[in-house]
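Data block below; observations after.
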Amino acid sequence: MSNKELFKSSVEYKYSRNYALLFLVIDLGVILLISMFSLPLIFEVEDSKTGFEIFMVLLLSFSLIFVPFILYYVIRNIRLLKDVENYTFHETEFKEINDFFKTMYFTIVINHDNKKIKVDTRAIFYGGFAAFLPKVSEFINKKVLVAYNAQTEKVVVIKVIE
């Protein structure tokens, strides 16, 4: 499996993809709801052109709310895949857990160039029930394959090994 394929199957890539899809579904739901409630009103307005313009303004303004969130997660994945060559792979154990609002992250120790480096993962783990978020219980006290970029000091969680 190539590095790019490993990154596409990584926990962080899936996390960003799932959030982009979630916001896309919410956006489409908003468009559908606005359409369902606004289209009948267009035909009740004397000037249907004005009604249609009001409908389009409503539709665009409400649907554009979610576009920045979708773009954020898509761009995050593009950047992740663009920088694959600068990462080295390490096996480590996820022991130290920290919380960040309602999500959690791990502080891990990796051996890089014969030095022990302490680094934090992204806060993408969740302690409760969420269908599309990685659960802490799946990673705590387990060996995990991570990718580390020494230049940016970022770590990407790839997968649980055991």
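Predicted, not measured: the structure shown is a model, and the values here were computed from it.
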Working note: Asp120 + Asn98, criterion side-chain hydrogen bond (donor to acceptor under 3.5 Å, both in side chains); need CA distance, chi angles, decisive distance, verdict. CA-CA 9 Å; Asp120 294 332; Asn98 306 293; 4.5 Å; no
So CG of Leu64 and CG of Asp27: to nearest 0.5 Å the spacing works out to 8.0 Å
Separation between CG (Asp83) and CG (Asn3), nearest 0.5 Å, reads 11.5 Å
Do the two ring centres, one from Phe106 and one from Phe125, sit under 6.0 Å apart?
yes
When rounded to the nearest 0.5 Å, the distance separating CD of Glu96 from OG1 of Thr107 is 4.5 Å
- Side chain His90, main chain Asn111, donor-acceptor under 3.5 Å: yes
Would you find a donor on one side and an acceptor on the other, under 3.5 Å apart, between the side chain of Asn18 and the backbone of Lys14? yes
d(Leu33 CG, Leu28 CG) to nearest 0.5 Å is 11.0 Å
Checking the side chain of Asp113 only, and the main-chain atoms of Lys115 only, is there a donor and an acceptor separated by less than 3.5 Å?
no
- Item | Glu12/Arg122 salt bridge by N-O under 4.0 Å criterion | yes
- Item | Residue pair Val146, Val156: steps toward the side-chain contact (heavy atoms from CB on, under 4.5 Å) verdict | CA-CA 6 Å; Val146 296; Val156 176; over 6 Å; no
CG (Leu21) and CD1 (Ile26) are apart, to the nearest 0.5 Å, by 11.0 Å
Check whether the ring centres of Tyr15 and Tyr19 lie less than 6.0 Å apart, and answer yes or no. yes
message: Evaluate Lys154 against Tyr148 for side-chain contact (heavy atoms from CB on, under 4.5 Å), listing each step before the verdict.
response: CA-CA 6 Å; Lys154 289 185 181 177; Tyr148 176 70; over 6 Å; no
Value for CG (Asn77) from CZ (Phe7), rounded to nearest 0.5 Å, stands at 11.5 Å
- Look at the side chain of Thr92 and the backbone N and O of Val109, then say whether any donor-acceptor pair between them is shorter than 3.5 Å. yes
inquiry  = Less than 4.5 Å apart, side chain to side chain, heavy atoms only: is that true for Ile158 and Val144?
reply    = no
Requested in this report: Starting from the C-alpha separation in whole Å, work towards a yes-or-no answer on side-chain contact (heavy atoms from CB on, under 4.5 Å) for Asn141 and Phe94.
Outcome: CA-CA 5 Å; Asn141 295 323; Phe94 279 22; over 6 Å; no
**Request:** Before giving the answer on side-chain contact (heavy atoms from CB on, under 4.5 Å), spell out for Leu22 and Phe69 the whole-Å C-alpha distance, their side-chain angles and the decisive distance to 0.1 Å.
**Result:** CA-CA 10 Å; Leu22 174 70; Phe69 297 105; over 6 Å; no
With a 3.5 Å distance limit and no angle check, can you tell me whether Ser16 reaches the backbone of Tyr13 through a side-chain donor-acceptor pair? no
